[in-house]
Asker: 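Got a structure for you, questions after.
Keep in mind that what you see is a predicted model, and the values were worked out from it rather than measured.
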Amino acid sequence: MDLILWRHAEAHEAADGEDDMSRSLTPRGERQAARIAHWLERQLPEGTRIICSPARRTEQTAMALGRKYKLSAALAPQSSAEMLLATAQWPQSKNAVLVIGHQPILGEAIAQLLEFQKQECAVKKGAVWWLRSRSRLETNQTVLVTVQTPEML
């Protein structure tokens, strides 16, 4: 199974009294999302399932890809790595899954899957981490396929 984790692009800071879920992308964030979406369009396997946090900034990031996606409250900012992995059906899903979400949840999931010493790793805004589950010598392994940031493309 391929699990592609995409952190939302740069978003405006919350104004006084503004709900965190309603924050939108900055113009720079829109460009970041478009750049990564263009790369993903050429890379995503046929039948990739796309799941997105219900926050406005993540949905705007998803819209840059121009494909159908599902919103999931399990990917909201106050969620957990365990909820993310369960929602993505890791590692049992038959199809690749693209998750568009937030820090620190994405970094926690990456750290868990790659068995990092720390419980979290940094994920830049707009970046994609592509992980793959495979079986070797009767043990399950997680392989890091690639990391892409908008600045690299």
Asker: What I want to check is whether the side chains of Gln141 and Arg136 have a donor and an acceptor closer together than 3.5 Å.
Answerer: no
Asker: Looking at NE2 of His12 and CZ of Arg56, how far apart are the two atoms once the value is rounded to the nearest 0.5 Å?
Answerer: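 Taking NE2 in His12 and CZ in Arg56, the distance rounds to 8.5 Å.
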Asker: What heavy-atom pair brings Leu3 and Ala88 nearest, and what distance separates the two atoms?
Answerer: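 Nearest heavy atoms, Leu3 then Ala88: CD1-CB, 3.8 Å.
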Asker: Rounded at 0.5 Å granularity, tell me how far CZ in Arg7 sits from OG in Ser53.
Answerer: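 The OG atom of Ser53 is 12.0 Å from CZ of Arg7, to the nearest 0.5 Å.
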Asker: Spell out, yes or no, whether Val145 and Val99 are grouped together once hydrophobic residues are joined by side-chain heavy atoms under 4.5 Å, including indirect joins.
Answerer: no
Asker: Nearest 0.5 Å, what's the OG-NE2 distance between Ser79 and His102?
Answerer: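 Between Ser79 OG and His102 NE2, I get 9.0 Å after rounding to 0.5 Å.
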Asker: Please output the side-chain donor-acceptor pairs of residues 109-119 that fall under 3.5 Å, not counting sequence neighbours, one pair per line with the distance.
Answerer:
none

Asker: Checking side-chain contact (heavy atoms from CB on, under 4.5 Å) for the pair Tyr69/Met63: CA distance, chi angles, key distance, verdict?
Answerer: CA-CA 9 Å; Tyr69 58 89; Met63 287 188 289; 3.5 Å; yes
Asker: What closest approach, in Å, do Gln32 and Pro150 show between heavy atoms, and which atom pair accounts for it?
Answerer: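 Distance-wise, the nearest heavy atoms are CB-CG, 3.7 Å.
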Asker: Are Ile100 and Leu44 in one and the same hydrophobic cluster, where Ile, Leu, Val, Met, Phe, Trp and Tyr link if side-chain heavy atoms are under 4.5 Å apart?
Answerer: yes
Asker: So, applying salt bridge (Lys or Arg N to Asp or Glu O under 4.0 Å) with Asp2, which one of Lys94, Arg132, Arg49 is it?
Answerer: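 Testing each of Lys94, Arg132, Arg49 against Asp2, the sole residue satisfying salt bridge (Lys or Arg N to Asp or Glu O under 4.0 Å) is Arg132.
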Asker: After noting the C-alpha distance and the side-chain angles of Val143 and Leu131, does the key distance pass the side-chain contact (heavy atoms from CB on, under 4.5 Å) rule?
Answerer: CA-CA 6 Å; Val143 176; Leu131 306 167; over 6 Å; no
Asker: First locate atom OG1 of Thr149, then atom NZ of Lys125, and finally report the distance between them rounded to the nearest 0.5 Å.
Answerer: 14.0 Å
Asker: If you look at every heavy atom in Val147 and Met152, which pair is closest and at what distance?
Answerer: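 Taking every non-hydrogen atom into account, O-CE, 3.8 Å.
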Asker: Give the cluster check for Leu25 versus Ile36: same hydrophobic cluster or not, with ILVMFWY residues linked at side-chain heavy-atom distances below 4.5 Å.
Answerer: no
Asker: How long is the gap from CG on Leu40 to CH2 on Trp6, to the nearest 0.5 Å?
Answerer: 5.5 Å
Asker: Looking at every heavy atom in both Arg35 and Leu153, which two are closest together, and how far apart are they?
Answerer: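 It is CD-O, 3.5 Å.
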Asker: Check side-chain contact (heavy atoms from CB on, under 4.5 Å) between Glu138 and all other residues, then give those that pass, not counting sequence neighbours.
Answerer: none
Asker: Tell me whether Leu5 is reachable from Leu65 by hopping between hydrophobic residues (I, L, V, M, F, W, Y) whose side-chain heavy atoms are closer than 4.5 Å.
Answerer: no
Asker: Using side-chain contact (heavy atoms from CB on, under 4.5 Å), reason through Gln89 and Val97 one step at a time and then give a plain yes or no.
Answerer: CA-CA 9 Å; Gln89 298 174 339; Val97 177; over 6 Å; no
Asker: Donor-acceptor pair, distance only, cut-off 3.5 Å: does the side chain of Gln103 make one with the backbone of Cys121?
Answerer: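 Answer holds: yes.
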Asker: Looking at CD1 of Ile4 and CD1 of Ile51, how far apart are the two atoms once the value is rounded to the nearest 0.5 Å?
Answerer: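 It is 10.5 Å, given to the nearest 0.5 Å.
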Asker: With side chains defined as the heavy atoms from C-beta onward, is the minimum distance between Ile50 and Lys68 less than 4.5 Å?
Answerer: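 No - every pair of side-chain heavy atoms lies 4.5 Å or more apart.
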Asker: Less than 4.0 Å between a side-chain N and a carboxylate O, is that true for Glu10 and Arg28?
Answerer: yes
Asker: Check side-chain contact (heavy atoms from CB on, under 4.5 Å) between Arg23 and all other residues, then give those that pass, not counting sequence neighbours.
Answerer: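 Arg23 satisfies side-chain contact (heavy atoms from CB on, under 4.5 Å) with Ala11, Ala14, Glu18, Asp20, Arg57 once adjacent residues are dropped.
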Asker: Side chains of Trp129 and Val123, heavy atoms from C-beta outward: is any pair under 4.5 Å?
Answerer: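 Yes, their side chains come closer than 4.5 Å.
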Asker: I'd like to know if Glu151 pairs up with Lys124 as an ion pair, taking the criterion as any Lys NZ or Arg NE/NH1/NH2 lying under 4.0 Å from an Asp or Glu carboxylate oxygen.
Answerer: yes
Asker: Between Thr48 and Pro45, which heavy-atom pair has the shortest distance, and what is it?
Answerer: OG1-O, 2.6 Å
Asker: Flag yes if Leu84 and Met1 sit in one hydrophobic cluster, no otherwise; membership is Ile, Leu, Val, Met, Phe, Trp, Tyr, and two members link when side-chain heavy atoms are under 4.5 Å apart.
Answerer: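 Yes: a chain of side-chain contacts under 4.5 Å links Leu84 to Met1.
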Asker: So which atom in Ala64 and which in Ala37 form the shortest heavy-atom distance, rounded to 0.1 Å?
Answerer: O-CB, 3.4 Å
Asker: Would you call Trp39 and Thr146 a side-chain contact if the rule is heavy atoms closer than 4.5 Å?
Answerer: yes
